[in-house]
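Sequential numbering from 1 along the given sequence is applied to the chain's residues.
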Amino acid sequence: MSPKVVVLDEAVSALDKSVEAQVLNLLSDLRAEFGLTYIFISHDLNVVRYISDRILVMYLGEVVELAPVDMIWAEQAHPYTRSLFSAMPSMDPDNRTQKPPLTGDPPNPIDPPPGCRFHTRCAFAADICKTRHPALGPMVAGSPHWVACHLHDPASGHPRAGQGVPA
């Protein structure tokens, strides 16, 4: 059939690690041999890092961040993306998660709140986040790292606008 795009939804989530590695290597080989593009959906960030060129992060069905894998690994621009990365398990006993990365209940996906969909769980939410939906755009003009967050838009009216997500 010679597809150009293959959608893989949690393709290796139920596999043991040795079989997972074999499948990921096979997918990499097939991509190179046939020039395939994968849309690889996963909650395992280590698998995403291995198989992906770019990462697209969604929250309640909307894109909140998009960047080349190395850029997003180095700097998570959206508070939700940062919480995903902080929830990754660590084998280092000195680097274990001490508190949950998110608090509160997620909003109703059928009837999401106005403004930013993440504002009900965001530690940096301001009034603008509750009323105005943030536009997805480059962090810096011409950058391949895009984010939908008022913290990164100096014109948004957020009190910390232009400063990014605090450490």
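- The two residues H119 and P114 come nearest to each other via the heavy atoms CE1-O, 3.3 Å.
- Summarising the geometry, atom CG belonging to D127 is positioned 7.5 Å from atom OG1 belonging to T131; distances are rounded to the nearest 0.5 Å.
- Residues W73 and V57 are members of one and the same hydrophobic cluster, defined by side-chain heavy-atom contacts under 4.5 angstrom among Ile, Leu, Val, Met, Phe, Trp and Tyr.
- A salt bridge links D44 with K17: at least one charged nitrogen is closer than 4.0 Å to a carboxylate oxygen.
- The closest donor-acceptor contact from the side chain of S143 to the backbone of M139 lies at 3.5 Å or more, if one exists at all.
- Rounding to the nearest 0.5 angstrom, the gap separating the CD1 atom in I55 from the NE2 atom in H145 is 9.5 Å.
- Atom CG of D9 is separated from atom CZ of F40 by 9.5 Å, given to the nearest 0.5 angstrom.
- Nearest heavy atom pair, residue M58 against residue Y80, reads O-CE2, 3.3 Å.
- We find the CG-CG distance between L15 and L24 to be 8.5 Å, quoted to the nearest 0.5 Å.
- Note on V64: it does not cluster hydrophobically with L56, by side-chain heavy-atom contacts below 4.5 Å among ILVMFWY residues.
- Put simply, V147 and M71 are part of two different groups of oily side chains (I, L, V, M, F, W, Y) that touch within less than 4.5 Å, one to the next.
- In this structure a side-chain-to-backbone donor-acceptor pair under 3.5 Å is present from H150 to R132.
- At a threshold of 4.5 Å between side-chain heavy atoms, the hydrophobic network of Ile, Leu, Val, Met, Phe, Trp and Tyr places V5 and F34 in two separate groups.
- V48 and I41 are not part of a single hydrophobic cluster, where members link through side-chain heavy atoms under 4.5 Å apart.
- Without hydrogens or angle criteria, E65 side chain to Q76 main chain gives no donor-acceptor distance under 3.5 Å.
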(request) Show your working on side-chain contact (heavy atoms from CB on, under 4.5 Å) between V47 and V12 and close with a plain yes or no. (result) CA-CA 9 Å; V47 168; V12 297; 4.0 Å; yes
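- What you find for S86 and S83 is that their closest heavy atoms are OG-O, 3.0 Å.
- Of all the heavy atoms in Y38 and R31, the pair that sits closest is OH-N, 3.6 Å.
- How far CG of L136 is from NE2 of H152: 11.5 Å, rounded to the nearest 0.5 Å.
- For the residue pair E62 and H133, a side-chain donor N or O sits within less than 3.5 Å of a side-chain acceptor on the partner.
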(message) For a side-chain contact (heavy atoms from CB on, under 4.5 Å) check, start with the C-alpha distance between Y50 and N25, then their side-chain angles and the critical distance, and finish with the verdict.
(response) CA-CA 10 Å; Y50 177 79; N25 288 334; 2.5 Å; yes
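- What you find for I51 and S28 is that their closest heavy atoms are CD1-OG, 3.7 Å.
- For the pair R117 (side chain) and P107 (backbone), a donor-acceptor distance under 3.5 Å is absent.
- Remark: side-chain polar atoms of S156 are paired, donor with acceptor, to backbone N or O of D153 under 3.5 angstrom.
- The distance from the CG atom of L151 to the CD1 atom of I128 is 12.0 Å, given to the nearest 0.5 Å.
- Contact between P3 and L36 at its shortest, heavy atoms only, is O-CD2, 3.1 Å.
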(message) Determine whether Y59 and R121 satisfy the following criterion, side-chain contact (heavy atoms from CB on, under 4.5 Å), listing intermediate values before the conclusion.
(response) CA-CA 11 Å; Y59 184 76; R121 304 182 81 190; 3.2 Å; yes
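- Between F118 and H78, a ring centre-to-centre spacing shorter than 6.0 Å is recorded.
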